[in-house]
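See structure below.
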Amino acid sequence: MSVYAVLTLSCALLAGVRGWPVLAGVRWRLFRGMALASVLPIVGVGAVASYLAQKALAAELHGKAQQAVAAETAWLAQTAAMASSMLRVYSQGPAFVAHVREGNREGMQERLAMLEGQSGLFDAVWLLDETGDTLMTSVRLNWVSGNFAYRAYFQDAVKGGAQVLLSRPFFSRANLPYVVFTVPMELGAGRRAFLVGALSLKRLGLQPALASPGYHVEIFDRRDGILLRETERGNVLSRAPVLDLVGPDALTRPAGLLEVFDDKGRRMVVAHAQVEGTPWTVVVTAGLREAFAPVTRMGAWVVAIAVLAGAIALLLSQWVGRDVAQRLESLRDGFAVLGTPSAEQRVQARGDDEIAQLTVGFNEMAARIDRTQKELREAIAIRDQFLSMASHELRTPLTPLKATLGLLIRQLGSGPAVNPERQRDTIARLNRQVDRLTRLIGDMLDVSRLQSGRFTLTVAPMDVVSVAREVVERIQVTRPERAEQLTLELPTEPLVGRWDEQRLDQLFTNLVENALRYSPPGTPVVVRVHEEADAVRVEVEDRGIGIPQESQSQLFTPFFRARNATEHYAGGLGLGLAICREIVERHGGRIQARSEGPGQGTCFTVWLPRAAIAEAA
């Protein structure tokens, strides 16, 4: 199991490794895949088979050990019951009681010889009087004589009443180990005698064990742990070895099964049971290492096969992966230079397999990318050149032109002239066209900054309510014919936050001008500013031409104009809303347009983060 654990951990590392610089690549992946495909199933099947075999063997050993204990226990219980019954029957026989009462030695010896010979259970039988003196012994017994009042079996019998008592084992005067059964005999007139039957522990040890030869059987006395029988060494009347292995507390239950390790680290199964009607306990022990030896050998073969399969997988992966790796490396090099100007991006296709087809597809893709990049570079160069030149050339004369027109308007207003009102209106129209041209050029410059990454913000604490009010008032002054259309809905308190004031002014101006541009005269345009829990919401709503449903998704794309907007009389390049979206997103907010369709009006909604307001406050 330890070897399986090491192999499984190694396979897990192989499966999980992805960033080793030395072992990366197709060859390593092929080796890893083939090794896992060949080794891991063998290891897994071997581990499962070994585990199931060990479980089955352990269950079989447990069952056999319990059967052996049950057989030994039943045999001992039967022997003890037969001995007790026979002693009780003889002790209550009227003729035998009469012989003992009258002191008839021949009659007593005859009965004792009959008990010893006919039963086949006892190795010796004798009679003791109330003081422990020997009254009579069996024929074969020549070592029993004198007084035995000091023996524990006699003292227990004196106190025990009329029951048959099983004594603790002891050595006789002839140094033979015995265990005896003692029963009192009532002789009348308050007199008693004691019939004693002895069972030799040596003869008990010669009885064949009912357990398998590989099992070790011990029988011991629970009262003092004295060994009565042992199948291997045969040393009786000593401390039972099993008590040193598991301890006496583990064997206190009537029956049970344990698994322990001995002093040499071997795994042992211990089955035990108490013999009914006696103070004896039977213990059967068996080693699991010997039983698991076939499984261990099978596991060694599985490990050897797995190692061999891994070696074969290594050779096969090197052979199979060499050509594949070389062609994939060529593709990798081609991808590395893909899109690089003046670099050769073609990869030589070899063979007719999937990698060759991939190579052909890569070459076609590289050619298309090369053509597309050339076209894009040319288009970007032309566009940037146009924007830069148009912005620079057109903006240069606008400043002095606007200053001159302003001066002219002031002069016309200060002195008499021919039809001054008409001239003033003409110049005012010119001024509006100049403003329009200025906004267009400013939008073109902003788009150029966006595309070149030079669109930045300068944030500072400011009040968004005042900015909205200033924008609306400025438009009402510059476009008095539309002044009544504009309506402001503002909170009473300022809404201060960290924003770019110039860009928010540009945002509001674009949205309001856009609403007026696409709204017929006399229709309302409402500008609302609301304070929300986590944002400031600005709405610009009109009742103008609306937006078709199919155009709403591209509304904030540069140079895009909806279909009905191009048919409308108002001009424009389609840059204002794209700039508005960039301003809002640079502030961390979002913008959306909502319209029910053409002729249904439009509502633009802007959310600016509330966190900026908390920071400014």
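Just so it is clear, the structure is predicted and the values come from calculations on it, not from any experiment. Heads up: numbering here begins at 1 and tracks the sequence.
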What's the verdict on side-chain contact (heavy atoms from CB on, under 4.5 Å) for L495 and D463, showing C-alpha distance, side-chain angles and the deciding distance?
CA-CA 5 Å; L495 294 180; D463 179 16; 4.3 Å; yes
Y518 and T602: side-chain contact (heavy atoms from CB on, under 4.5 Å), yes or no, with the steps?
CA-CA 10 Å; Y518 296 106; T602 306; over 6 Å; no
Can you check side-chain contact (heavy atoms from CB on, under 4.5 Å) on L511 and L577, steps first, answer last?
CA-CA 8 Å; L511 292 178; L577 293 181; 4.1 Å; yes
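A pairwise comparison of heavy atoms in E493 and V465 identifies O-CG2, 4.0 Å as the closest pair. H587 and I583 make their closest contact through ND1-O, 2.8 Å (heavy atoms, listed as atom of the first residue, atom of the second, distance). Annotation for L457 and R503: closest pair CD2-CG, 3.7 Å, computed over non-hydrogen atoms. Pairing each heavy atom of V536 with each of V529, the nearest pair is CG1-CG1, 4.1 Å. When all heavy atoms of G544 and P520 are compared, the pair lying nearest together is CA-CD, 3.9 Å. A pairwise comparison of heavy atoms in T557 and A578 identifies C-CB, 4.2 Å as the closest pair.
Put simply, CZ on R479 and CG on L516 are 5.5 Å apart, with the number rounded to the nearest 0.5 Å. One finds the CE atom of M462 at 11.5 Å from the CD atom of Q502 (value rounded to the nearest 0.5 Å). Separation of atoms CZ (F604) and CG (N514) is listed at 5.0 Å; rounding is to 0.5 Å. To the nearest 0.5 Å, the span separating CG on L608 from CG on L507 amounts to 7.5 Å. In this structure, CZ in R482 is found 10.5 Å from CZ in R517, a value given to the nearest 0.5 Å. With rounding to the nearest 0.5 Å, the separation of CG in L555 from CD in Q592 is 11.5 Å.
Listed by first then second residue, pairs satisfying salt bridge (Lys or Arg N to Asp or Glu O under 4.0 Å) with a partner in residues 542-555 read E541-R543, E550-R563, not counting sequence neighbours.
Within the 4.5 Å cutoff, no side-chain heavy atoms of V467 are placed close to those of W499. Between Q485 and P524 the shortest side-chain heavy-atom distance does not fall below 4.5 Å. Side-chain contact between F508 and V464: present, with at least one pair of heavy atoms (C-beta onward) separated by less than 4.5 Å.
Residue E489 places its CD atom among more than 12 non-hydrogen atoms of other residues, nucleotides or ligands, all under 6.0 Å distant.
The side-chain contact (heavy atoms from CB on, under 4.5 Å) check on Q600 picks up E596, with sequence neighbours excluded. The side-chain contact (heavy atoms from CB on, under 4.5 Å) search around A483 returns Q476, not counting sequence neighbours. For R537, the side-chain contact (heavy atoms from CB on, under 4.5 Å) partners at least two apart in sequence or on another chain are H530, E532, E539, T605, W607. With sequence neighbours excluded, the residues that form a side-chain contact (heavy atoms from CB on, under 4.5 Å) with Q552 are I547, Q549, S595. In this structure, the side chain to side chain donor-acceptor pair (under 3.5 Å) partners of R474, at least two apart in sequence or on a different chain, are D505, T509.
D500 contributes no side-chain N or O that, together with a main-chain N or O of V459, makes up a donor-acceptor pair within less than 3.5 Å.
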